[in-house]
Amino acid sequence: MAVVGLMLSVFLFCICAPAQELVQAARQDGAQTPLRVYAPKDGQCAPLALISPGAGGSEDGYKYLAEGLQDDGWRAIVMGHKESGSAALRADMREAHGIKKGLRQLVDDPAAYNARFMDIGAALSWANLSCKAPFIALLGHSMGARTVELESGAKNNFGLKSMDRFDAYVALSPDGPGQMFPENAWSDIRKPMLMLTGTRDGSLDGGWQTRTIPFDSLPPGCKWLGVIDGATHMNFAGVGMAGSTEKLTLLETKAFLDTLRRGHCGEPVESKGIAMKQK
């Protein structure tokens with residue numbers, strides 16, 4: 001009887017556990033992009049959310065974000081970016097003789113962003129093989145947020161070209177003016193954009209307040225900014241005491257994207273621990 005009960009428990013766990021799989025998608029240069037795919041449970045042709053990790057990250061991160069969107073009816077895909085993953089970051093740290101200098105070297109490398117753009121193209125092509133999603137969004141954290149900013153049309157000092165392939169964008173820990181972005185770099189971004197940061201989310205170019213500067217440059221039209229009280233940079237990646245940050249990030253991300261996929265811009269959710277504004 002105990003064996004039957006154990007087998008039943010395993011069976012129930014298997015059918016209830018969030019579905020995910022690791023696949024490889026071909027890039028235009030012949031390289032392979034690893035994708036961690038969180039498929040919607042109903043099997044429908046769902047809206048698509050691509051998630052771009054920060055420097056040193058991988059397709060195995062941001063599970064809270066991917067699973068939260070999956071539960072909300074999205075097909076969520078966390079992309080691996082090999083040219084700016086953990087091996088690349090370690091190599092740059094050794095070459096630059098330090099963590100901060102190595103990180104700066106990687107996040108300011110134009111070739112790494114061109115590789116990320118190819119990873120995005122590979123993920124979109126792979127997803128389109130099964131169905132053409134009715135709505136697509138690009139989300140990113142840290143270097144992934146820079147990728148979001150560039151993709152959506154932010155001007156930059158490195159000659160990188162925007163493709164603007166998405167219906168909406170979410171930037172977690174966006175970067176303000178610095179080596180990559182000039183002043184008012186975000187003034188031509190027309191698509192809906194949600195930006196989130198925290199009061200302990202410092203950047204390479206200053207305090208957390210520098211991460212709010214891009215919002216001021218954005219033109220009006222479904223643009224949201226949220227500041228989470230006490231959130232650190234790595235909390236947005238699900239690292240450390242991140243429970244509150246994860247909850248509030250998902251709350252506002254779902255509110256932002258769910259109304260957009262239904263054809264209109266909604267309102268930010270008022271909740272304890274986060275200050276939101278919009279234009």
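The analysis underlying the following values was restricted to heavy atoms, covering all of them including side chains, and did not include hydrogens, waters or symmetry mates.
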Where do [X] and [Y] come nearest, in terms of heavy atoms and distance?
X: G73; Y: P40; answer: O-CB, 4.3 Å
X: V78; Y: A66; answer: CG2-CB, 3.9 Å
X: A127; Y: I77; answer: CB-CD1, 4.4 Å
X: A185; Y: S217; answer: N-OG, 3.9 Å
X: M276; Y: I274; answer: SD-CD1, 3.6 Å
X: C45; Y: P134; answer: O-CD, 3.6 Å

Transitively linked via ILVMFWY side-chain contacts under 4.5 Å: [X] with [Y]?
X: F166; Y: L172; value: no
X: L106; Y: L150; value: yes
X: L138; Y: F236; value: no
X: I51; Y: L196; value: yes
X: M234; Y: L89; value: no

To the nearest 0.5 Å, what is the distance between [atom1] on [X] and [atom2] on [Y]?
X: D164; Y: K191; atom1: CG; atom2: NZ; value: 3.5 Å
X: S52; Y: E151; atom1: OG; atom2: CD; value: 10.0 Å
X: L124; Y: L48; atom1: CG; atom2: CG; value: 6.5 Å
X: S187; Y: K155; atom1: OG; atom2: NZ; value: 3.0 Å
X: L257; Y: D72; atom1: CG; atom2: CG; value: 8.5 Å
X: T212; Y: K277; atom1: OG1; atom2: NZ; value: 6.5 Å

Are [X] and [Y] within salt-bridge range, i.e. N to O under 4.0 Å?
X: D205; Y: R104; answer: yes
X: K254; Y: D258; answer: no
X: R116; Y: D109; answer: no

Legend entry - Intermediate values then yes/no, side-chain contact (heavy atoms from CB on, under 4.5 Å), V170 and V148: CA-CA 7 Å; V170 177; V148 167; over 6 Å; no
After noting the C-alpha distance and the side-chain angles of M195 and L218, does the key distance pass the side-chain contact (heavy atoms from CB on, under 4.5 Å) rule? CA-CA 11 Å; M195 294 181 166; L218 289 170; 4.0 Å; yes
Pairwise side-chain contact, [X] with [Y], heavy-atom cut-off 4.5 Å (strictly under):
X: L250; Y: L65; answer: yes
X: W126; Y: V37; answer: yes
X: E59; Y: L35; answer: no
X: C131; Y: R75; answer: yes
X: R36; Y: Y62; answer: no
X: D167; Y: L260; answer: no
X: H81; Y: T147; answer: no
X: E267; Y: Q278; answer: yes

| task | Might you work through the side-chain contact (heavy atoms from CB on, under 4.5 Å) test for W186 and F215, ending with a clear yes or no? | result | CA-CA 8 Å; W186 307 267; F215 177 80; over 6 Å; no
Tell me whether [X] contacts the main-chain N or O of [Y] through its side chain, where contact means a donor paired with an acceptor under 3.5 Å.
X: Y113; Y: D108; value: no
X: Q105; Y: M93; value: no
X: K223; Y: P219; value: yes
X: T210; Y: G207; value: yes
X: T259; Y: C265; value: no
X: R261; Y: P47; value: no
X: H233; Y: W208; value: no
X: R211; Y: P174; value: yes
X: Q70; Y: A19; value: yes
X: N157; Y: M180; value: yes

Tell me whether [X] at atom [atom1] has more than 12 heavy atoms from other residues, nucleotides or ligands lying less than 6.0 Å away.
X: Q209; atom1: CD; result: yes
X: K279; atom1: NZ; result: yes
X: E21; atom1: CD; result: yes
X: L22; atom1: CG; result: yes

> Judged by modelled atom types alone, do Y38 and D71 share a side-chain donor-acceptor pair under 3.5 Å?
Replying inline: no
Original post:
When Ile, Leu, Val, Met, Phe, Trp and Tyr are grouped by side-chain heavy atoms lying under 4.5 Å apart, directly or through other members, which residues fall in the same group as I213?
Top reply: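 So far as hydrophobic clustering goes, I213 is joined with none.
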Please test Y169 against I189 for side-chain contact (heavy atoms from CB on, under 4.5 Å), starting from the C-alpha separation and ending with a verdict.
-> CA-CA 10 Å; Y169 297 94; I189 296 176; 5.5 Å; no
Subject >> Cation-pi check, K161 onto F117 ring (under 6.0 Å, within 45° of axis) >> reply: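 No, cation not above the ring by the 6.0 Å, 45° rule.
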